[in-house]
Amino acid sequence: MIKGTARKYYMLGGKGGVGKTSLAASLAVKFANSGHPTLVVSTDPAHSLSDSFAQDLAGGTLMPVEGVDLPLYAMEINPEQAREEFRATTQKEGGSGVKDFMDSVGLGGWVGQLSELKLGELLDTPPPGLDEAMAISKVVQFMQAPEYDKFSRIVFDTAPTGHTLRLLSLPDFLDASIGKILKLKQKISQATSAIKSAFGQGDGPDKATDKLEALKEKMIMVREIFRDKEATEFIIVTIPTVMAVNESSRLQQSLQKEGVPVKRLIINEILPPSSSDCKFCAIKRKDQKRAMDMVAQDPNLRALQVIESPLFDLEIRGVPALKFMGDIVWH
Ligand SMILES: Nc1ncnc2c1ncn2[C@@H]1O[C@H](COP(=O)(O)OP(=O)(O)OP(=O)(O)O)[C@@H](O)[C@H]1O
């Protein structure tokens with residue numbers, strides 16, 4: 001995972017509470033320790049990344065992880081706060097502030113093009129996947145803004161399962177919508193010049209179409225990244241319980257359907273070996289073994305490389321603890 005200097009994206013996904021944040025943070029520390037300028041991104045409203053690194057990383061901007069001499073940055077996007085800002089702006093300014101807001105989250109380019117083309121209505125009603133759009137907008141920012149050029153590893157502590165899948169299918173949805181708009185526009189521009197001006201607002205129809213095409217290209221770029229086997233890996237995180245394994249199996253099935261590259265499955269919180277199990281531990285160990293056997297037999301999961309991560313006897317908080325975890329899990 002540390003080989004090569006080309007940029008790689010790692011996305012950790014799975015059921016709530018299985019250890020995504022801890023594992024994403026420990027992987028980021030591991031990458032940074034290996035010399036990779038690394039960025040870890042979270043869209044969890046609960047500020048779990050701040051908790052994990054034991055420092056305030058909130059604010060939605062690039063934050064250096066303090067107290068370590070590592071090329072390590074974190075970014076915590078709070079989707080709830082972003083949604084509130086969105087609502088406030090649209091209410092206050094009757095929708096005209098949408099561009100300012102979207103500018104602030106890095107979607108400005110898209111919105112600029114959309115509103116010029118009078119397609120801003122698409123964004124006036126925030127779609128259910130706005131949280132995911134935030135994350136995607138940041139991905140687009142990574143690819144475009146020079147301050148992100150330096151990162152060779154980008155780790156996402158993704159939202160729980162359902163959100164993650166929406167995130168992955170959103171570019172497809174937008175791509176399809178724009179395709180439809182393009183077709184519609186072509187039809188209309190052939191029909192009447194009055195309707196033509198509603199789309200173009202002074203721009204010739206060709207220029208407007210170019211802009212839409214450029215917008216579509218950008219979205220395709222995001223989608224390609226999610227599906228690029230060379231650049232991206234989605235790592236499923238699970239724990240050794242029947243419920244978590246079943247959910248991971250369904251997640252892997254949907255990711256496969258979306259064409260998202262998955263190679264590894266982490267089973268987190270495995271009881272460490274012991275020669276003197278108490279009754280509780282012995283029962284628990286048996287229970288965990290049953291769930292792990294399920295992984296080995298599951299048609300969706302059995303082909304994945306399994307990484308075992310032990311249950312630690314202390315809470316993993318702060319860089320030294322994350323390094324400790326990372327050295328055990330990611331080797
Ligand atoms: N291997 C482990 N050993 C001991 N504690 C762990 C381990 N992995 C995670 N934890 C603890 O479990 C809790 C949940 O972990 P974490 O926040 O990383 O999960 P998550 O999947 O990101 O949760 P959410 O879905 O709520 O974002 C934290 O208190 C964390 O310290």
Side-chain angles (χ1 to χ4, degrees), residues 10-31 39-58 60 65 72 74-82 131-132 134-135 154-168 234-241 243-252 255 262 264-274 280-281 284-285 287-289 291-292 295 306-331:
Y10 287 89
M11 306 186 190
L12 281 80
K15 202 172 154 60
V18 292
K20 293 180 297 293
T21 306
S22 310
L23 287 160
S26 75
L27 180 60
V29 170
K30 182 91 186 180
F31 282 143
L39 172 63
V40 54
V41 186
S42 173
T43 54
D44 186 344
H47 298 297
S48 50
L49 213 50
S50 293
D51 287 341
S52 191
F53 280 105
Q55 60 184 267
D56 187 6
L57 300 165
V65 173
L72 179 59
M75 188 158 63
E76 208 171 55
I77 306 157
N78 183 343
E80 273 172 16
Q81 191 189 336
D131 298 0
E132 289 72 22
M134 297 293 137
I154 297 175
V155 181
F156 284 84
D157 151 25
T158 63
T161 313
H163 283 199
T164 308
L165 289 176
R166 276 214 301 278
L167 181 147
L168 294 165
F234 193 108
I235 301 174
I236 300 178
V237 183
T238 196
I239 51 172
T241 67
M243 275 167 77
V245 171
N246 280 337
E247 188 160 332
S248 302
S249 174
R250 289 191 293 271
L251 174 62
Q252 162 63 355
L255 289 168
V262 186
R264 296 172 173 92
L265 168 79
I266 299 194
I267 308 180
N268 189 29
E269 299 186 357
I270 299 176
L271 277 178
S274 162
F280 176 88
C281 292
K284 190 80 190 152
R285 195 180 297 284
D287 205 43
Q288 289 201 341
K289 185 168 182 315
M292 290 174 70
V295 170
V306 171
I307 299 175
E308 297 190 0
S309 164
L311 174 69
F312 295 98
D313 56 4
L314 50 96
E315 201 172 355
I316 306 293
R317 280 188 82 232
V319 174
L322 290 166
K323 183 179 179 312
F324 177 74
M325 182 185 207
D327 287 342
I328 290 173
V329 179
W330 310 104
H331 55 266

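Note: hydrogens, waters and symmetry copies are ignored here, and every other heavy atom, side chains too, is used. First listed ligand is number 1; within each ligand, the first listed atom is number 1.
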J.: Which atoms of ligand 1 sit under 4.0 Å from any heavy atom of Asn268?
T.: 1 (N), 2 (C), 7 (C), 8 (N), 9 (C)

J.: May I ask you to list the atoms of ligand 1 that are less than 4.0 angstrom from any heavy atom of Gly16?
T.: 25 (O)

J.: Out of curiosity, Leu49 CG to Leu57 CG, how far, rounded to the nearest 0.5 Å?
T.: 5.5 Å

J.: Once side chain to side chain contact (heavy atoms under 4.5 Å, CB included) is applied, do any residues pair with Thr241, and if so which ones, sequence neighbours excluded?
T.: Ile239, Met243, Ala244

J.: ring-ring contact (aromatic ring centres under 6.0 Å, His included) between Phe234 and Tyr10: does it pass, once the steps are laid out?
T.: CA-CA 6 Å; Phe234 193 108; Tyr10 287 89; over 10 Å; no

J.: Under 3.5 Å between some N or O of ligand 1 and some N or O of Lys20?
T.: yes

J.: For the side chain of Ser26 and the backbone of Leu23, is there at least one donor-acceptor N/O pair under 3.5 Å apart?
T.: yes

J.: Check each atom of ligand 1 against the heavy atoms of Ser22 and keep those under 4.0 Å away; list them by number with element.
T.: 9 (C), 15 (O), 16 (P), 18 (O), 30 (C)

J.: Which is closest to atom 15 (O) of ligand 1 in terms of heavy atoms, Ser48, Ser42, Gly19?
T.: Gly19

J.: Using a 4.0 Å cut-off to any heavy atom of Leu311, which atoms of ligand 1 qualify?
T.: 3 (N), 4 (C)

J.: Ignoring hydrogens and angles, state whether a donor on the side chain of Glu76 or Ser50 is under 3.5 Å from an acceptor on the partner side chain.
T.: yes

J.: List for me each residue that meets side chain to side chain contact (heavy atoms under 4.5 Å, CB included) alongside Arg317, sequence neighbours excluded, and say none if there are none.
T.: Ala54, Glu315

J.: Hey, is the main chain of Val329 close enough, under 3.5 Å, to the side chain of Glu308 for a donor-acceptor pair?
T.: no

J.: Atom 14 (C) of ligand 1: which of Gly17, Ala321, Ser26 has the nearest heavy atom?
T.: Gly17

J.: Test of understanding: given a 4.0 Å heavy-atom threshold, classify the contact between Pro310 and ligand 1 as side chain, backbone, both, or neither.
T.: backbone

J.: Contact between ligand 1 and Ala25 is defined here as a heavy atom of the residue under 4.0 Å from a ligand atom; is it met?
T.: no

J.: Is there a polar contact between ligand 1 and Val18, counting only N or O atoms under 3.5 Å apart?
T.: yes

